[in-house]
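A short write-up of the structure that comes next.
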Number of protein chains: 2
Amino acid sequence: MQARIKARYQARAKVMKAMSHPTRLFIVDEIANGERCVSELTEMVGDDISTVSKHLSVLENAGIVFGDKRGAQVWYRLRVPCALDFLDCVERVLKIVARQRTELIERR
Amino acid sequence: MQARIKARYQARAKVMKAMSHPTRLFIVDEIANGERCVSELTEMVGDDISTVSKHLSVLENAGIVFGDKRGAQVWYRLRVPCALDFLDCVERVLKIVARQRTELIERR
DNA sequence: AGAGTCATTGGCTATTTTACCAATACGCCA
DNA sequence: TGGCGTATTGGTAAAATAGCCAATGACTCT
């Protein structure tokens, strides 16, 4: 594969990768409802705050979220609202896969 | 986070993860144009055939592609065409992020 | 200034992922 | 049947990821 094309797919994979963790998917889903600060998300997720903070930095690094420091808190929101479309995509895939599995079983 | 909800996000992340590698993204993109066998993909990707085969099994395991053995070859195609939507999503995200970066530079 | 809260960073370990090589399995056909 | 092309599987080493704790930085309030 050509270097240019490879770089292109690597850039794409970086974005996908940022969304490839349960906690990070949850965060994206959650902040779609409005800004959340780190401790709020930590409370919901149930992991250590340092873990959540690192997840957030992965998302921020991929350009998906944006952290706004106000006082001692950092409020995160979606920087790219269409990141939500991934959740729709994934839901559609899961639905189709589930249906195909059901059909296979019924056919027996 | 509740166990049920957590499981839900894990299932979603599994699909995302399957699409989170440059080679696998390329494969999905490529077989959208029609069936390809493992050695064809290997040729295009430039990795060892065992590596490509394993990438394919990751995709198959996630329900995204389907391998059809005919003779000595195995022909892979998309089992879930809407997996292509991920590529659109990712492209849109990249475009927006790139534009935001440009705007930041211009504003200086 | 000092104590308390909030978030990030560094350090560390355990786990997972990736890629190669070698070995195996399968089908074709001379 | 033996050899060749095709694909998968097992083994292994290197790299990346995830999570926790501890340390640090930054802000607020008294």
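Below, chains carry the letters A, B, ... as their sequence lines are ordered, and counting in each starts from 1.
- When each of D:dG19, C:dC6, C:dA7 is scored by its nearest atom to the side-chain atoms of A:S53, the top-ranked nucleotide is C:dA7.
- Cluster membership for A:V15 and A:V58, using ILVMFWY side-chain heavy atoms within less than 4.5 angstrom, is not shared.
- For A:V74, the side-chain atoms get nearest to C:dT8 when compared with the rest of C:dT8, D:dC20, D:dA7.
- Distance A:D48 CG to C:dA7 P: 13 Å, rounded to the nearest Å.
- Salt-bridge annotation for A:K54 and A:E60: absent, with no side-chain N of the basic residue lying under 4.0 Å from a carboxylate O of the acidic one.
- Among the atoms of the strands shown, none is found under 4.0 Å from any heavy atom of A:R70.
- If you measure from atom CD of B:E35 to atom C1' of D:dA7, you get 16 Å, rounded to the nearest angstrom.
- In the set D:dA18, C:dT16, D:dT8, C:dT16 carries the atom at the smallest distance from any side-chain atom of B:K17.
- Comparing B:K54 and B:T42, the nucleotide of DNA chain D nearest to each residue sits closer to the 5' end for B:T42.
- The side chain of B:I49 lies closest to D:dT8 when the candidates are D:dA18, C:dC6, D:dT8.
- Donor-acceptor pairing under 3.5 Å, judged by distance alone, is absent between the side chain of A:K69 and the base of D:dG25.
- The nucleotide whose nearest atom lies closest to any side-chain atom of A:Q73 is, among C:dC6, D:dG19, D:dC21, C:dC6.
- With hydrogens and angles left out, the side-chain atoms of A:D68 and A:Y76 include no donor and acceptor closer than 3.5 Å.
- Under 4.0 Å is where a charged nitrogen must lie from a carboxylate oxygen, and between A:R70 and A:E35 at least one such pair does.
- Along DNA chain C, the nucleotide nearest A:S39 and the nucleotide nearest B:H55 are compared for position; the residue whose nucleotide lies closer to the 5' end is A:S39.
- Closest to the side chain of A:S50, out of C:dA19, D:dT8, D:dC21, is D:dC21.
- The CG atom of B:N61 sits 15 Å away from the P atom of C:dT16 (whole-angstrom rounding).
- Across the interface with DNA chain D, nearest-nucleotide mapping of A:T23 and B:L56 shows B:L56 to be the residue nearer the 5′ end.
- At a threshold of 4.0 Å, the pair B:E106-B:R99 does not count as salt-bridged, since none of the basic side-chain nitrogens sits closer than that to a carboxylate oxygen.
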